[in-house]
Asks: 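What follows is a single structure, and I will ask about it in a moment.
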Amino acid sequence: MVEIDDRLARRNALVLAGAQAFGAASPPIVVSLGGIVGVWLAPDKALATLPVSLFNLGVAAGTIPAAMLMRHLGRRSGYVVGAVLGALAGLVAAAGIYVGAFLVFCLGTFLAGNHSSFVQSYRFAAADGASFAFRPRAISFVMVGGLLAAVIGPQVAIHTRDLFPQAPFVGSFLGQAALALIALPILSLLRPVPMPTAAQEGGRPLWQIVRAPRFIVAVSVGTVTYALMSFVMTAAPVAMVGCGHTVGEATLGIQWHVLAMFGPSFFTGRLINRIGRSATTALGLVLIASAAAVALSGLAVANFWLALVLLGVGWNFGFIGATAMVTECYRPEERAKVQAANDFLMFGTVAIASFSSGKLLDIGGWETVNWIVFPLVALVLLMIGAQEMATRLRDRQASA
């Protein structure tokens with residue numbers, strides 16, 4: 001086996017972490033302000049959360065075009081285009097607020113989702129050219145950038161929202177545009193990863209790859225992890241206010257949740273190397289189920305906050321573990337289409353979860369939202385267990 005030098009992969013992972021700190025600051029701005037602006041601009045208050053849902057839809061819709069663009073232009077040039085798109089998104093959203101046009105504002109949040117489809121692929125770019133052992137840590141480096149983004153995004157939104165007193169929050173979305181542009185010089189430091197000379201254009205057909213059990217398990221884990229996190233997180237603030245807690249308490253709960261989502265990234269990569277991809281991912285799913293159990297055990301502020309923290313840590317372990325599992329499913333020449341297929345399936349499901357969360361909360365209540373967690377977690381855990389058993393059986397037969 002040829003030993004891989006991880007110095008370039010380490011450098012690129014750090015560059016991408018820096019770009020993530022600014023590029024990934026867009027979602028907190030859209031998620032925190034999209035519904036508030038929607039209440040003011042929407043012709044029907046039932047459409048108030050449409051800008052946020054369109055953001056999630058934009059992520060799903062942008063994954064395949066982003067992958068195709070980067071396949072032809074390369075990672076660095078593709079990410080530059082993505083950053084420019086992010087700046088345009090902020091300008092369009094700000095213009096929509098300024099002129100009072102709800103549809104223009106929705107277009108801006110959809111374009112912000114398209115921009116995020118580029119940013120979401122940073123984690124895969126960090127794994128490009130890395131050794132098998134270093135891939136989880138490279139992905140974790142990028143996720144640490146997400147922790148910084150979770151702080152930078154809300155702070156920019158708060159400190160710029162009154163730049164135009166006659167049109168509140170115009171400044172926040174201009175700030176979103178500026179953050180996307182700040183990522184440009186950082187992305188220019190990204191270096192291309194040399195591809196193996198044996199790599200041929202295209203590789204195996206996509207249908208052949210996605211039918212493989214290993215890919216099915218990896219994409220199922222990532223999809224369920226992300227969708228459940230989005231599903232419960234979206235409903236939690238509304239449920240807290242409905243239970244008589246204050247908006248401030250609900251906001252603080254989401255802040256703790258976001259910190260829990262990205263904070264463990266400092267050590268998740270090492271944990272994966274110590275106990276394995278499957279075990280770390282399974283641990284994340286167990287924590288998500290534990291979050292639902294805590295939520296069902298009471299309606300006090302402490303129940304909501306602890307559930308949101310467990311949900312965030314569970315997402316971190318499950319998402320990084322699933323990403324590392326996906327990197328085992330393709331050859332270098334197949335990476336673009338396989339990564340795009342994974343993210344399209346995952347974020348398409350997340351968009352559906354975002355659309356349905358509020359409606360299900362209204363119909364069935366907070367308890368129903370959390371009971372849905374258990375069967376989905378159990379199903380994916382069974383898939384992971386079956387794959388591990390099959391792998392061990394093959395290894396035993398090969399060594400016999």
Asks: Under the side chain to side chain contact (heavy atoms under 4.5 Å, CB included) rule, what do Thr268 and Met143 come out as? Steps first, then yes or no, please.
Replies: CA-CA 10 Å; Thr268 304; Met143 300 298 287; over 6 Å; no

Asks: Establish, yes or no, whether the cationic atom of Arg277 lies under 6.0 Å from the six-membered ring centre of Phe132 and within 45° of the ring axis.
Replies: yes

Asks: Run the numbers on Thr349 and Tyr226 for side-chain hydrogen bond (donor to acceptor under 3.5 Å, both in side chains), then give the verdict.
Replies: CA-CA 9 Å; Thr349 306; Tyr226 214 127; over 6 Å; no

Asks: Is there any salt bridge (Lys or Arg N to Asp or Glu O under 4.0 Å) pair reaching into residues 112-124, and which pairs are they, with sequence neighbours excluded?
Replies: Arg123-Asp343

Asks: Using distance only, find each side-chain donor-acceptor pair of residues 17-25 under 3.5 Å and give its atom names and separation, not counting sequence neighbours.
Replies:
none

Asks: What verdict does the side chain to side chain contact (heavy atoms under 4.5 Å, CB included) test give for Lys337 and Met68, after you've listed the backbone C-alpha separation in whole Å, the side-chain angles of each residue and the deciding distance to 0.1 Å?
Replies: CA-CA 8 Å; Lys337 59 187 177 185; Met68 293 175 62; over 6 Å; no

Asks: Should Leu285 and Ile372 be regarded as members of a common hydrophobic cluster, given that ILVMFWY residues are connected when their side-chain heavy atoms come within less than 4.5 Å of each other, either directly or indirectly?
Replies: yes

Asks: Is there a side-chain contact between Arg335 and Phe124 (heavy atoms, below 4.5 Å)?
Replies: no

Asks: Please identify each residue that fulfils ring-ring contact (aromatic ring centres under 6.0 Å, His included) with Phe304, with sequence neighbours left out.
Replies: His245, Trp366

Asks: Among all residues two or more places apart in sequence or in another chain, which pass the side chain to side chain donor-acceptor pair (under 3.5 Å) test with Thr280?
Replies: none

Asks: Might you point out which heavy atoms bring Pro264 and Asn316 nearest each other, and give the distance in Å?
Replies: CB-OD1, 3.6 Å

Asks: Under the side chain to side chain contact (heavy atoms under 4.5 Å, CB included) criterion, do Met261 and Trp256 qualify, and how do the steps go?
Replies: CA-CA 9 Å; Met261 285 174 62; Trp256 280 111; over 6 Å; no

Asks: Go through the steps to decide whether Phe215 and Tyr330 satisfy the test ring pair (Phe, Tyr, Trp, His ring centres under 6.0 Å), and finish with yes or no.
Replies: CA-CA 9 Å; Phe215 178 83; Tyr330 54 80; 9.1 Å; no

Asks: Could you check whether any side-chain heavy atom of Val81 comes within less than 4.5 Å of a side-chain heavy atom of Val84, counting everything from C-beta outward?
Replies: no

Asks: Indicate yes or no for a side-chain donor-acceptor contact from Ser230 to the backbone of Ala227 under 3.5 Å, with no hydrogens or angles considered.
Replies: no

Asks: For Gly86 and Gln176, which heavy atoms make the closest approach, and how far apart are they?
Replies: O-NE2, 4.2 Å

Asks: So, the side chain of Ser77 versus the backbone of Gly74: is there a donor-acceptor pair under 3.5 Å, distance only?
Replies: no

Asks: Report, one line per pair, each donor and acceptor closer than 3.5 Å where one atom sits in a side chain of residues 110-118; sequence neighbours left out.
Replies:
unit_1 : atom_1 : unit_2 : atom_2 : d
Asn114 : ND2    : Gly58  : O      : 2.8
Ser116 : OG     : Ala112 : O      : 3.3
Ser117 : OG     : Gly62  : O      : 3.3
Ser117 : OG     : Asn114 : O      : 2.4

Asks: Would you say the side-chain atoms of Thr223 pair up with the backbone N or O of Ser220, donor to acceptor, closer than 3.5 Å?
Replies: no

Asks: Using a 4.5 Å cut-off on heavy atoms from C-beta on, say whether the side chain of Thr281 contacts that of Met325.
Replies: yes

Asks: Please, which pairs that meet side chain to side chain donor-acceptor pair (under 3.5 Å) have at least one residue in residues 85-96, sequence neighbours excluded?
Replies: none

Asks: With a 4.5 Å cut-off on side-chain heavy-atom distances among I, L, V, M, F, W and Y, is there a chain of contacts connecting Trp40 to Val99?
Replies: yes

Asks: Looking at Ile216 and Arg211, what are the two nearest heavy atoms and their distance?
Replies: CD1-O, 3.5 Å

Asks: Could you tell me whether Phe344 atom CZ has more than 12 heavy atoms of other residues or ligands within 6.0 Å of it?
Replies: no

Asks: Do Met240 and Trp305 come within less than 4.5 Å of each other through their side chains, counting heavy atoms only?
Replies: yes

Asks: Begin from the C-alpha positions of Ser188 and Val80 and carry the test side chain to side chain contact (heavy atoms under 4.5 Å, CB included) through to its verdict.
Replies: CA-CA 8 Å; Ser188 68; Val80 167; 5.9 Å; no

Asks: Nearest 0.5 angstrom please: Ser265 OG to Phe141 CZ, how far?
Replies: 11.0 Å

Asks: I'd like to know if the side chain of Gln155 reaches the main chain of Ile152, judged simply by a donor and an acceptor atom lying under 3.5 Å from each other, with no hydrogens or angles considered.
Replies: no

Asks: So, do Thr225 and Met229 sit near enough that their side-chain heavy atoms are less than 4.5 Å apart?
Replies: no

Asks: Measure the CG-CG distance between Leu107 and Leu54 for me, rounded to the nearest 0.5 Å.
Replies: 9.5 Å

Asks: When clusters are formed by joining ILVMFWY residues with side-chain heavy atoms under 4.5 Å apart, either directly or through shared neighbours, do Val59 and Leu345 land in the same one?
Replies: no

Asks: With rounding to the nearest 0.5 angstrom, report the CG to CG distance, Leu8 to Leu190.
Replies: 8.5 Å

Asks: For residues Leu310 and Ala291, report the shortest heavy-atom separation together with the two atoms involved.
Replies: CB-CB, 3.8 Å

Asks: Determine all donor-acceptor pairs shorter than 3.5 Å in which one atom belongs to a side chain in residues 167-174; sequence neighbours excluded.
Replies:
unit_1 : atom_1 : unit_2 : atom_2 : d
Ser172 : OG     : Ala157 : O      : 2.8

Asks: How about Leu184 and Leu181: do any of their side-chain heavy atoms sit closer than 4.5 Å?
Replies: yes

Asks: Please report the interatomic distance CG(Asn12) to CZ(Arg75), rounded to the nearest 0.5 Å.
Replies: 10.0 Å

Asks: For Ala126, check side-chain contact (heavy atoms from CB on, under 4.5 Å) against everything at least two apart and list the hits.
Replies: Ala13, Leu16, Ala138, Val142

Asks: Just by modelled atom types, is the Ala133 backbone N or O under 3.5 Å from a matching donor or acceptor in the Asn273 side chain?
Replies: yes

Asks: Would you mind reporting whether Phe317 and Leu271 have side-chain heavy atoms less than 4.5 Å apart?
Replies: yes

Asks: Under 3.5 Å, which donor-acceptor pairs do the side chains of residues 375-393 form with other protein atoms, sequence neighbours left out?
Replies:
unit_1 : atom_1 : unit_2 : atom_2 : d
Glu388 : OE2    : Ser278 : OG     : 2.8
Thr391 : OG1    : Gln387 : O      : 2.9
Thr391 : OG1    : Arg394 : NH2    : 3.4

Asks: For Arg214, what residues pass the side chain to side chain donor-acceptor pair (under 3.5 Å) criterion, not counting sequence neighbours?
Replies: Glu328

Asks: Treat each ILVMFWY residue as a node, draw an edge where side-chain heavy atoms are under 4.5 Å apart, and state whether Val350 and Val219 are in one component.
Replies: no

Asks: The criterion is salt bridge (charged side-chain N to carboxylate O under 4.0 Å, His left out); which residues satisfy it with Arg11, sequence neighbours excluded?
Replies: none

Asks: Specify the closest pair of heavy atoms between Met70 and Ser121, including all atoms of both residues, with the distance to one decimal.
Replies: CE-OG, 3.5 Å

Asks: Looking at every heavy atom in both Ala307 and Val294, which two are closest together, and how far apart are they?
Replies: N-CG1, 4.0 Å

Asks: I need the full list of ring pair (Phe, Tyr, Trp, His ring centres under 6.0 Å) pairs touching residues 257-290, with sequence neighbours left out, sorted by first then second residue.
Replies: Phe262-Trp315

Asks: I'd like to know if Val373 and Leu299 are part of one continuous hydrophobic network [Ile/Leu/Val/Met/Phe/Trp/Tyr, side-chain heavy atoms within less than 4.5 Å].
Replies: yes

Asks: To the nearest 0.5 Å, what is the distance between CG (Leu287) and CG (Leu311)?
Replies: 10.0 Å

Asks: Working to the nearest 0.5 Å, report the span between CG of Leu259 and CG of Leu308.
Replies: 12.0 Å

Asks: Could you tell me if the side chain of Ile29 sits less than 4.5 Å from the side chain of Pro154, heavy atoms only?
Replies: no

